[in-house]
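Letters A, B, ... are given to chains in the order of the sequence lines, protein chains preceding strands, and every chain is numbered from 1. Side chains included, hydrogens not; waters and symmetry mates left out as well; all remaining heavy atoms used.
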Protein chains: 2
Amino acid sequence: MHSCPGSASKSQHQAVRDTLEVISGKWKLVILALLLNRPYRFKELSREIGISPRILSKELQELEQHQLVTRRVCETRPITVEYASSDHGRSLLSVVQAMSDWGYLHHETIVGKKRLDDPSAQIA
Amino acid sequence: MHSCPGSASKSQHQAVRDTLEVISGKWKLVILALLLNRPYRFKELSREIGISPRILSKELQELEQHQLVTRRVCETRPITVEYASSDHGRSLLSVVQAMSDWGYLHHETIVGKKRLDDPSAQIA
DNA sequence: CTGTATCCCGTAAGATACTG
DNA sequence: CAGTATCTTACGGGATACAG
């Protein structure tokens, strides 16, 4: 199931494109990464990732349209809204997981290596 | 190793952000998806994914800077250049794989479902 | 608190033509 | 063929203020 060299997935890159279209932008996957752990309220998300309300609202709406997150209004005193990952959103777990794993790896592989063989890093 | 609910990876979302920064844009992962199968020449990539030379060149340079692909000049008649995935680039295989898998899934899950319960899809 | 309305800016990305 | 130069446009994304 993991692309044999030569038989090459007809248009695997098309599938990648489709996915990229859905999770485009700097924030959608970041938001989803949080919601995969637990539900969050609007302001919570805003503070946690440092994003302005306008952008956050837009991103959440897009995530909703793609049915990746659910929005639930809580009839509390000042109304609060809780966002959570949907089942379909959870199907992106493997992507999020792969990306966060790679984030750490990249940091060590590249940033770590630089210290050893990048001349400009040791002029002082 | 897969984020226990509650113990929640300190800042998993930060790792996701780091990754997103490296593979930002519409094209880098698409290009890489192809190069993970086999090396490609510049024009080959250009035609395969329908991208203008200017953009392709820029994307490839960024991929090179991040050491995800290698560039090899072939001393053929009209000079050709071959791009290939580096080892570090191959470490993104899990991400690419997850994304292409999800691309197919999303297509069936959402596009397939729409036909059944989206009213606007069956007016005609 | 949860958003929306404005305003603003940088840049991603496309078209086209041209050079080595 | 491989790429660069120029020009142009659209949109993503940020700040701030305001509304329900």
- Counting side-chain heavy atoms from CB outward, which of D/dT4, D/dA2, C/dT2 is closest to A/Phe42? C/dT2

What is the distance, to the nearest angstrom, from the [atom1] atom on [X] to the [atom2] atom on [N]?
{"X": "B/Arg47", "N": "D/dA2", "atom1": "CZ", "atom2": "C1'", "value": "14 Å"}
{"X": "A/Arg72", "N": "C/dC1", "atom1": "CZ", "atom2": "P", "value": "18 Å"}
{"X": "B/Ile31", "N": "D/dA2", "atom1": "CD1", "atom2": "C1'", "value": "15 Å"}
{"X": "A/Leu56", "N": "C/dT2", "atom1": "CG", "atom2": "C1'", "value": "10 Å"}
{"X": "A/Arg41", "N": "C/dG3", "atom1": "CZ", "atom2": "P", "value": "11 Å"}
{"X": "A/Glu75", "N": "C/dT2", "atom1": "CD", "atom2": "P", "value": "13 Å"}

Any side-chain N or O of [X] below 4.0 angstrom from OP1/OP2 of [N]?
{"X": "A/Tyr83", "N": "C/dC1", "value": "no"}
{"X": "B/Gln61", "N": "D/dT4", "value": "yes"}
{"X": "B/Arg71", "N": "D/dG3", "value": "yes"}
{"X": "A/Lys43", "N": "C/dC1", "value": "yes"}

- Verify whether one side chain among A/Ser91 and B/Trp102 offers a donor that lies under 3.5 Å from an acceptor in the other. yes

- Message: Ignoring hydrogens and geometry beyond distance, is a side-chain donor-acceptor pair present between A/Gln12 and B/Ser100 at under 3.5 Å?
- Response: yes

- Query: In terms of ring plane angle, is the pair B/His106 and A/His88 parallel, tilted or perpendicular, where the classes change at 30° and 60°?
  - Reply: parallel

- Task: Starting at the 5' end of nucleotides 8-20 of chain C, put B wherever the base has a protein heavy atom under 4.0 Å, S where only the sugar-phosphate does, and a dash everywhere else.
- Result: ----SBBB-----

Indicate yes or no: at least one non-hydrogen side-chain atom of [X] is less than 4.5 angstrom from one of [Y].
{"X": "A/Met99", "Y": "B/Ile23", "value": "yes"}
{"X": "B/Tyr83", "Y": "B/Thr70", "value": "no"}
{"X": "A/Trp27", "Y": "B/Arg17", "value": "yes"}

- Item | Verdict with reasoning, B/Arg38 to B/Glu44, per salt bridge (charged side-chain N to carboxylate O under 4.0 Å, His left out) | CA-CA 12 Å; B/Arg38 66 170 175 87; B/Glu44 257 184 315; 3.2 Å; yes

- Which angle, rounded to 10°, do you find between the first-five-pair axis and the last-five-pair axis of the helix from C/dC1-D/dG20 to C/dG20-D/dC1?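 The end-segment axes of the helix from C/dC1-D/dG20 to C/dG20-D/dC1 are tilted 50° relative to each other.
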
- Message: Going by the rule salt bridge (Lys or Arg N to Asp or Glu O under 4.0 Å), which residues pair with A/Glu82 if we only count those two or more places apart in sequence or in a different chain?
- Response: A/Arg72

- Task: Verify, without hydrogens or angle tests, whether B/Ser11 (side chain) and B/Gln14 (backbone) share a donor-acceptor contact under 3.5 angstrom.
- Result: no

- Note on the structure: Heavy-atom nearest nucleotide on DNA chain C taken for A/Pro78 and for A/Ser57; more 5' hit belongs to A/Pro78

